[in-house]
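All chains are named by letter (A, B, ...) in the order of the sequence lines, taking the proteins before the strands, and each is independently numbered beginning at 1. All values reported here derive from a predicted model rather than from experimental measurement.
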There are 2 protein chains.
Amino acid sequence: MTAPPVVYPAPRTFAGGGGRVAGARPPTMRDVAAHAGVSISTVSRVVNAERYVDPATREKVEASVAALGFLRNESARTLRPGQRTATLALVVEDLTNPFSAELAHGVELVAAAAGYVMLLLSTGRDAGGERDRVREREIVAELLSRRVDGVLVVPGADDAEGLYAALAARAPVVFVDRLPRGVRGDVVLLDNAGGGRRLTQWLLERGHRRIGYVGGDQRSGPGARRLSGFRAALRAAGVAEHPELLRFGRRSSDEALSAVEELLALAEPPTALFCDNNRMTVGALLAVHRARADVVLAGFDAVELAEVLVDRVALVTYDPADVGRRAAGLLTARLAGETSAPRRVTVPVDLAEFGT
Amino acid sequence: MTAPPVVYPAPRTFAGGGGRVAGARPPTMRDVAAHAGVSISTVSRVVNAERYVDPATREKVEASVAALGFLRNESARTLRPGQRTATLALVVEDLTNPFSAELAHGVELVAAAAGYVMLLLSTGRDAGGERDRVREREIVAELLSRRVDGVLVVPGADDAEGLYAALAARAPVVFVDRLPRGVRGDVVLLDNAGGGRRLTQWLLERGHRRIGYVGGDQRSGPGARRLSGFRAALRAAGVAEHPELLRFGRRSSDEALSAVEELLALAEPPTALFCDNNRMTVGALLAVHRARADVVLAGFDAVELAEVLVDRVALVTYDPADVGRRAAGLLTARLAGETSAPRRVTVPVDLAEFGT
DNA sequence: CTGAAAGCGCTTACAG
DNA sequence: CTGAAAGCGCTTACAG
């Protein structure tokens, strides 16, 4: 990625765009100073909107800035000790996940309002579908090299312990949706347990006692908390869990669909289904609709048109952008000097009922 | 956003995270050089993996790098003329739009593979729902100040002429989904006209002659091309357009739903509907489903579960991530020295049929 | 209110 | 193969 050596001050040129030439060396403060007939210090003061500049001088300099199209080189500014890069980073696993995308939107809003720009990096998964450790280490190194002011991370279920410790040792880090083990830090969580409880109570109130469960990874993070909410509600109501009605580890709506088909084919099928995320809810909706089964659905995440497919459904919904705004708010507060103990923010969820 | 003056070399400290202190001044090449007993030049050579370094020296330096946890300061490196920031920027209007999110994903994949990091900025809309000009100018200034190596832009329908000209004059810019008037540059477009034509042909082949049209902004960009494809197909088939069946300027699925309700209530309703984007398709699906109308749908964009709602539907689908990959590919090619005339890439679309 | 000078952390000819 | 020195474009005490 390094450009071949160039003889200074050869401009970097770009002749694409049909002969358009971009990249004549951009004007520097020195150029502005010469143009305005003042010193570089004075240009710096004007550009930084400092006080103690004679109005006439300021005007002169501003005219030169405009005439030359001067834009301060941020890399140079950043180099001074104590100066910020005015850059935040958001690290997600997969941006195509709607949660990540809306989260990023919320983060960007707050970042922009606070004068920061957002780097977006995704860790992805390796060929085996596992978290890509190499890429994760690269990302941490990249962020440290770039001296980002702060980082927001949606950690993976299987994040190596302390992966982000090196990062957290050098810049404030806010974790989103789950807190990796062994790391202290600010974290913004959804009320997953509360949502699981409310969905389950909603089913119990409607008389359901045989409730099926279709879920993804239930060993840690959001999935674990949703399951614990489910179980807590059953326990509180004195209703028994039916192990044969629980299906975990489903990774797609297709896998969820098969799971629900299995459940519906049981001699004693469930009368209701708890779906622990968007993929599960979509799969279950399809299976129930196809089977024209008399099964009530309760699931996590908004699914467009869900209410049209089944007679009765309750969905836990939330605003990922709000999660992003809050997480970015915590981070910018740290950057503004906040030194309180690690904070844990829980974002409430909503229950939306549909159907007859 | 500027930190208060600090007395050098006071470290920036962060006492959040429960007393955890981050930000002791990171080690520099000077520190590594002292630790390894070599000159700074030599450290630079090792860090940059240059040839002509004695293996023993290299090993010594690498040990010091590891011991001190040295990570080259990218701002400092960038300062030298001819050096890149290794940063691309993607500018979209709204990241919550699934197209933007998947696009960003594709861009990030290619950027990461080529050694670039992606800045993500959204222009948003102002209070009046119009493109926010002030924010757009800020973004252009920000990107120029940061000396990003290249930019990908999804321009708005109502972009001011030449808004991105200042940018394009200094760095390669690739436009996505539409090309602003008055700007030359690489552009990646979807085959919107082709998609519109195919959807319309699909309807015509099934005998439809009264085809309704539900669309958003049809004055420019993708909307205009989809409409032109619709009209071209009608013309080619010698089928008349029915002006009373055309509804434009709908901005949400709710507005599309109302439009379709109007159409279905006509004395002579359409027998088929053409929907020019995802929102329109969702609204039309709902309206047709609710009215249990015998209307065939043909629409743009994948809609989850669409086929379950209506008897027969055809959807034009495409992979926004692929658009992102291609756009980023054009950009990285420019950055690698490609100097051909502006390129226009058209990404093909698919037609998916559902229903009995 | 203004300017000369030092220095941020690197890279790069230039010597050796 | 290695080092001393200049310089990238800024900011910041320090003098005046």
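For A/D31 and D/dG9, the CG to P distance is 8 Å, given to the nearest whole Å. With rounding to whole Å, A/I40 atom CD1 is found 13 Å from C/dT2 atom C1'. What separates CG of A/L71 from P of D/dG9 is a distance of 14 Å, to the nearest Å. In this structure, the CG atom of A/L144 is 16 Å from the C1' atom of C/dG9, given to the nearest Å. Distance CZ (B/R72) to P (D/dC8): 20 Å, rounded to an integer number of Å. The nearest whole Å value for the distance from the CZ atom in B/R51 to the C1' atom in D/dT2 is 16 Å. The distance between atom CD of A/E50 and atom P of C/dC1, rounded to the nearest whole Å, is 12 Å. B/D54 places its CG atom 11 Å from the P atom of D/dG3, with the value rounded to the nearest Å.
Pairing for D/dG3 goes to C/dC14, judged as Watson-Crick or G-U wobble with the two contacts each under 3.5 Å.
Base engagement by B/S41 is indicated by at least one non-hydrogen atom pair under 4.0 Å involving a base atom. As judged by a 4.0 angstrom heavy-atom cut-off over every strand, B/V38 is placed among residues touching the sugar-phosphate backbone only.
Between A/S75 and B/L79 the shortest heavy-atom distance is C-CD1, 4.5 Å.
A donor-acceptor contact shorter than 3.5 Å links the side chain of A/R84 to the backbone of A/L335. Counting only distance, with no hydrogens or angles, the side chain of B/S100 and the backbone of B/D94 share a donor-acceptor pair below 3.5 Å.
Looking at B/R45, its side chain comes within 3.5 Å of the base of D/dG3 through a donor and an acceptor atom.
Using a 4.0 Å cut-off, no side-chain N or O of A/R25 falls inside it from OP1 or OP2 of D/dC8. A close approach under 4.0 Å does not occur between any side-chain nitrogen or oxygen of A/S39 and OP1 or OP2 of C/dA4.
Comparing atom distances between the A/T42 side chain and each of C/dG9, D/dT2, C/dG3 picks out C/dG3 as nearest. For A/Q83, whose side chain is taken as the heavy atoms from C-beta onward, the closest listed nucleotide among D/dT2, D/dT12, C/dC10 is D/dT12.
Residues B/L79 and B/T57 each lie close to DNA chain D; by heavy-atom proximity, the contact nearer the 5' end of the strand is made by B/T57. Where B/M29 and A/G37 each meet DNA chain C at their nearest nucleotide, the meeting point lying more 5' is that of A/G37.
A salt bridge does not link B/E62 to B/K60: none of the charged nitrogens lies less than 4.0 Å from a carboxylate oxygen.
Using a 4.5 Å cut-off on side-chain heavy atoms (C-beta onward), A/L119 and A/R146 make contact.
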